[in-house]
Amino acid sequence: MLWPMDNFLLKLAIMFLMRLCMWESESEAAAGREYGGGILTSTKHGVKIEGFHQRGNSWYVSADIPSDLQVQIGEANFHLHKYPLLSRSGKLNRILYDSRNPDLNKIAMDDLPGGPEAFELAAKFSYGVAIDLTAGNISGLRCAAEYLEMTEDLEEGNLIFKTEAFLSYVVLSSWRDSIVVLKSCEKLSPWAENLQIVRRCSESIAWKACANPKGIRWAYTGRAPKVSSPKWNEMKDSSPSRNQLVPPDWWFEDVSILRIDHFVRVTTAIKVKGMRFELIGAGIMHYATKWLPGLGNDAAIAVEETSINNGNNSSSSGSDGSWKGGLHMIVAAGTRDETSSLQAKDQRMVIESLISIIPPQKDSVSCSFLLRLLRMANMLKVAHALITDLEKRVGMQFEQASLNDLLIPCYSKSETMYDVDLVQRLLEHFLVQEQVEGSSPSRQQSLSDKLVGSSLNAKARVARLVDSYLTEVSRDRNLSLTKFQVLAEALPESARTSDDGLYRAIDSYLKAHPTLTEHERKRLCRVMDCQKLSIDACMHAAQNERLPIRVVVQVLFSEQVKISNALANNNSLKGGGVESQFQPIITNRKTLLEGTPQSFQEGWSTAKKDINTLKFELESVKTKYLELQHDMENLQKQFDKVMKQKHTSAWTSGWKKLSKLTKMTNVENHDIANHIPTSEEQNRKTTRRWRNSIS
């Protein structure tokens, strides 16, 4: 391949090929052959022709002598002369020689590549008629020349040499012609592959696609070029102007017209040339959107699912037997079931090929694209190894997924509506990837606080996504409690900063499954941490009759602990030395109260009044106790005075009275002590009053 080449050399080569492609009619076309003793001999014989003309499916040569050879190519018949063909084609020579019949006048070559169109050009070339070489016919003519063995051994400047020169000097130096030739090779397998036409065109396209967009001077188009392109020597220069800005994805639309196997060859060649993986991934997504109908449309996917599952041909293109969803296949005859199975087979081949060429780097394609591709892969029963590889790719960027993309129906024989096992596997791949990246020595050395924070944020996003998914699938009555519990407990506890989403999913599951036993409801609620519920969630849970009583008590207790901590912090703020230390708590508490409902704020105020009342009663009891203690001390002093002044028998009676008085005082003190509540009892009273206020 000579690209890029000097303009002067290119013009010189084109002029030379124009001379080669225009042959004048010869008076003596070639040497004839006679059969004698099994050896083919040559004689001179001139055949003057006026041209070729067609009647129906038959071609005739206007000449001064009648034709003596009929060549059948499919349904087309060519009435020709032996001598011009034998002088150029080694295969026809061998067929006549092997037949041992000099009078053989009919040959069938249904397997000739390129069909009747290519043989028509080859026959005209043999007669010396001028033919036009274009990007649309060159590949078929090159393969037909190889099939007919039109080599230089028979005649110098034979058809193989001239078609090869046109491919190398003209086609491969043009972006558009390379695309057209590669597109025309779809019907020439395996001849185009064996002759390296596919490889050379793929390499040429890859080189041009990897070129600097600022240096692009050739024409590129968003419309698919026709197979029969204009004549190469009549094409006008439609290159972009020097001031025109060429986008980096300029080659997407042109390459997307290729068949999937040729697109894979081009993409592989582009990878080898070193193009950025993001751009390669964008090209793959563009191709998939064009060739896989419904990949970016939920309604179209639903139509495809119905068509494949029920065996009906519900194509978006209509019911006329044609399918225009990207593979451009037209089924002329056959039932709708055959059309649907053919469509599914081709789509399966496209998906398998695309999965195999997606760049391995993370974020080369979007997570939404991977999930939609995974959905179609499961629907079309793609190979298990490729589905596993695709699931791992989704796990690498699972935090980018959306709920709509995760709602993948279950296509296997399962009772559930959605494929919960698939989401479980995706989550496991995500956790494994996070663990591998976190334990990598190279990553640990370069890990910064920002990367650690991003990892935590990724887990938090995945936790919210899983909770939303559980809320959606919990409405399925066929979803087992075990599957729900396993998926909810798959993430570590640190991934969830709040369990409100999980509580919402549990409540939705309890609504859809009212027949759960008490034990099953307790088991279901065990996946939730009541201490991570917000105030609104606690208010809802306290009045939720579907929850077990034990869970409601746990919710109320956790909320009571929060309130006690808030009050303790509020009391500690009265010290002037620590005012600045607890200032953030005041701000958070005010913000918390402002975001709570009015009913809850009223309950909070009532609880504070009850606590203040109890504190006042406690202070009153303490005051009475101190007064009684003071009276006791006065009596003791009086008793001491009496003991010193009186030593008569009256002392004995006075002592008895004093003993009785002392006993009565002790009994009163004991009763007072029993009426003084301890701090623990005080808290219990407060808890009881607060719980009643909530309920």
Side-chain angles (χ1 to χ4, degrees), residues 1-7 9-11 13-14 17 133-143 146 160-222 224-233 235 237-240 246 248-276 279-280 283-284 286-287 357:
M1 182 178 64
L2 297 177
W3 181 84
M5 64 185 300
D6 187 79
N7 291 335
L9 295 177
L10 179 60
K11 292 180 180 179
I14 293 175
L17 289 171
L133 298 181
T134 66
N137 62 27
I138 187 61
S139 57
L141 187 58
R142 173 67 182 87
C143 294
E146 190 72 22
I160 290 179
F161 169 78
K162 294 182 177 180
T163 52
E164 191 66 31
F166 184 83
L167 275 171
S168 300
Y169 289 95
V170 179
V171 171
L172 299 182
S173 63
S174 169
W175 165 261
R176 178 177 295 178
D177 288 347
S178 299
I179 295 286
V180 173
V181 171
L182 189 56
K183 181 69 177 176
S184 65
C185 290
E186 296 176 359
K187 301 178 181 180
L188 299 174
S189 298
W191 288 90
E193 191 72 41
N194 296 336
L195 295 175
Q196 304 296 318
I197 300 177
V198 174
R199 182 191 64 79
R200 288 182 289 172
C201 289
S202 300
E203 291 287 335
S204 174
I205 295 171
W207 275 113
K208 294 176 175 62
C210 294
N212 189 347
K214 296 181 180 179
I216 292 178
R217 294 295 177 265
W218 54 81
Y220 61 90
T221 177
K226 298 181 180 180
V227 176
S228 56
S229 67
K231 299 179 182 180
W232 64 271
N233 55 356
M235 288 183 63
D237 184 13
S238 57
S239 303
V246 179
D249 58 350
W250 63 271
W251 52 274
F252 285 3
E253 188 66 29
D254 288 337
V255 174
S256 64
I257 71 169
L258 300 175
R259 199 173 63 185
I260 182 60
D261 53 339
H262 295 161
F263 178 78
V264 170
R265 293 288 294 271
V266 172
T267 305
T268 304
I270 290 176
K271 283 183 181 180
V272 175
K273 302 297 184 296
M275 180 176 285
R276 291 183 291 113
L279 203 54
I280 296 176
I284 293 174
H286 182 86
Y287 184 90
I357 62 174

Working to the nearest 0.5 Å, report the span between [atom1] of [X] and [atom2] of [Y].
| X | Y | atom1 | atom2 | value |
| --- | --- | --- | --- | --- |
| Leu167 | Cys201 | CG | SG | 6.5 Å |
| Arg142 | Trp191 | CZ | CH2 | 10.0 Å |
| Cys143 | Leu188 | SG | CG | 4.5 Å |
| Ser184 | Leu141 | OG | CG | 11.5 Å |
| Leu258 | Ile179 | CG | CD1 | 5.0 Å |
| Ile205 | Arg176 | CD1 | CZ | 13.0 Å |

Are [X] and [Y] side-chain neighbours, meaning at least one heavy-atom pair lies under 4.5 Å?
| X | Y | value |
| --- | --- | --- |
| Ile270 | Trp251 | yes |
| Ile284 | Ile280 | yes |
| Ser168 | Arg200 | yes |

Got a sec, which residues hit side-chain hydrogen bond (donor to acceptor under 3.5 Å, both in side chains) with [X], two or more places apart in sequence or on another chain?
| X | value |
| --- | --- |
| Arg276 | none |
| Gln196 | Arg199 |
| Asn194 | none |

So, for [X] and [Y], which heavy atoms are closest and what is the spacing to 0.1 Å?
| X | Y | answer |
| --- | --- | --- |
| Leu133 | Phe166 | O-CZ, 3.6 Å |
| Ala209 | Met275 | O-CE, 3.3 Å |
| Trp250 | Lys208 | CZ2-O, 3.3 Å |

Practice item. Before giving the answer on side chain to side chain contact (heavy atoms under 4.5 Å, CB included), spell out for Tyr287 and Glu253 the whole-Å C-alpha distance, their side-chain angles and the decisive distance to 0.1 Å. Key: CA-CA 8 Å; Tyr287 184 90; Glu253 188 66 29; over 6 Å; no

Review point. side-chain contact (heavy atoms from CB on, under 4.5 Å) with Asp249: which residues, sequence neighbours excluded?
Key: Pro247, Phe252

Exercise for review: Just grab all the side chain to side chain donor-acceptor pair (under 3.5 Å) pairs involving residues 264-275, residues at least two apart or on different chains.
Suggested key: Glu193-Arg265, Glu203-Lys273

Between [X] (side chain only) and [Y] (backbone N and O only), is there a donor and an acceptor less than 3.5 Å apart?
| X | Y | value |
| --- | --- | --- |
| Ser173 | Val170 | yes |
| Asp177 | Ser174 | no |
| Ser204 | Leu172 | yes |
| Ser178 | Val171 | yes |

Study note, to complete from the structure: Applying salt bridge (charged side-chain N to carboxylate O under 4.0 Å, His left out) to Glu186 and not counting sequence neighbours gives Lys183

Practice item. Have a look at Cys185 and tell me which of Val198, Leu195, Val180 forms a side-chain contact (heavy atoms from CB on, under 4.5 Å) with it. Key: Val198

